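Below: the structure, in structure tokens.
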Amino acid sequence: MINFYHSPLGPLKIVNDNSHIVGLTWCDEPNDHIVNDDNELFAQASKWLDDYFSGKAAKTDLPFKLKGTDFQRRVWAQMLTISAGETLTYGEVAQRLNSSARAVGGACRVNPVVILVPCHRIIAATGIGGYAGKIAGVMIDRKTQLLSYDQGLSH
DNA sequence: AACCTATGCACCT
DNA sequence: AGGTGCATAGGTT
């Protein structure tokens with residue numbers, strides 16, 4: 001089931017399989033024709049996102065299911081250990097997993113569930129690093145803004 | 001086995 | 001400080 005959520009940073013596509021959220025991704029293509037049907041998971045996700053973007057999101061209790069390789073799962077698990085207002089570098093995560101910075105970046109790039117699994121909290125040793133496969137442009141602006149929302153939450 | 005990196009770092013202005 | 005180049009390591013297919 002596919003729904004759209006219009007966040008202050010742009011439209012998000014929410015995919016669920018009726019028991020878990022399986023995708024939450026930025027979706028800039030026109031989607032006005034999409035009608036959001038009522039479903040419990042979408043309602044929960046919307047509420048959580050409303051809270052997040054209004055500065056009062058708690059830790060996530062949404063059920064989500066991530067499909068990926070073992071390594072990707074390990075990297076995504078690390079993301080969930082980073083609380084709002086904190087960041088780790090690709091190199092630091094790599095060290096924890098006995099891997100390399102670039103490999104970690106690769107797993108971040110294919111994170112299927114943005115924000116909820118906070119890939120934006122992993123940054124480069126120098127600078128902000130990439131986001132959604134991009135190293136400049138609107139996606140990086142979004143990463144910057146998510147980090148500043150995080151700052152608000154950590155207060 | 002080849003093909004990529006959302007890196008890091010050294011070495012420059 | 002900020003930019004460029006490239007060596008490397010590991011993951012993915």
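Every chain is numbered from 1, with letters handed out A, B, ... down the list of sequences. Given the structure is predicted, the values throughout are model-derived calculations rather than measurements.
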Rounded distance (nearest 0.5 Å) linking atom [atom1] of [X] with atom [atom2] of [Y]:
X	Y	atom1	atom2	value
A:Leu24	A:Asn3	CG	CG	11.5 Å
A:Ile122	A:Tyr90	CD1	OH	7.0 Å
A:Asn16	A:Ile2	CG	CD1	9.5 Å
A:Ile123	A:Ile128	CD1	CD1	7.0 Å

Provide, to the nearest angstrom, the distance between the [atom1] atom belonging to [X] and the [atom2] atom belonging to [N].
X	N	atom1	atom2	value
A:Ile122	B:dG8	CD1	P	11 Å
A:Ile135	C:dG3	CD1	C1'	13 Å
A:Trp26	B:dA6	CH2	P	19 Å
A:Ile123	B:dT7	CD1	P	12 Å

Does the protein touch nucleotides 8-13 of chain C at the base, only the backbone, or not at all? Give it as B, S and - per nucleotide, heavy atoms under 4.0 Å. -BSSS-

Which is true for A:Gly133 with a 4.0 Å heavy-atom rule: it touches a base, it touches only sugar-phosphate, or it touches nothing? base

Report, one line per pair, each donor and acceptor closer than 3.5 Å where one atom sits in a side chain of residues 91-102 of chain A; sequence neighbours left out.
from	atom 1	to	atom 2	distance (Å)
A:Glu92	OE1	A:Thr89	N	2.9
A:Arg96	NH1	A:Gln78	OE1	3.0
A:Ser100	OG	A:Ala103	N	3.4

Just the atom pairs and distances: protein N or O near nucleotides 11-13 of chain B's N or O, under 3.5 Å.
none

Quick check: do A:Phe64 and A:Leu66 have side-chain heavy atoms less than 4.5 Å from each other? yes

Donor-acceptor contacts, no H, no angles, side chain residues 107-120 of chain A, under 3.5 Å, sequence neighbours left out:
from	atom 1	to	atom 2	distance (Å)
A:Asn111	OD1	A:Val113	N	3.1
A:Asn111	ND2	A:Val113	O	3.1
A:Asn111	ND2	A:Val117	O	3.0
A:His120	NE2	A:Asp150	OD2	2.9

Nearest heavy-atom contact between A:Arg121 and A:Ser83 is NH1-C, 3.7 Å

Write out all pairs satisfying side chain to side chain donor-acceptor pair (under 3.5 Å) with one or both partners inside residues 126-142 of chain A, taking only residues at least two apart or from two chains. A:Trp26-A:Tyr131, A:Asp28-A:Arg142

Is A:Arg74 salt-bridged to A:Asp70, cutoff N-O under 4.0 Å? no

Any donor-acceptor pair under 3.5 Å linking the side-chain atoms of A:Gln145 with those of A:Ser148? no

Less than 3.5 Å between a donor and an acceptor, one on the side chain of A:Tyr131 and one on the base of B:dA6, is that the case here? no

For DNA chain B, write out the stems as range with range, using runs of 3 or more consecutive Watson-Crick or G-U pairs with both distances under 3.5 Å. B:1-5 with C:9-13, B:7-13 with C:1-7

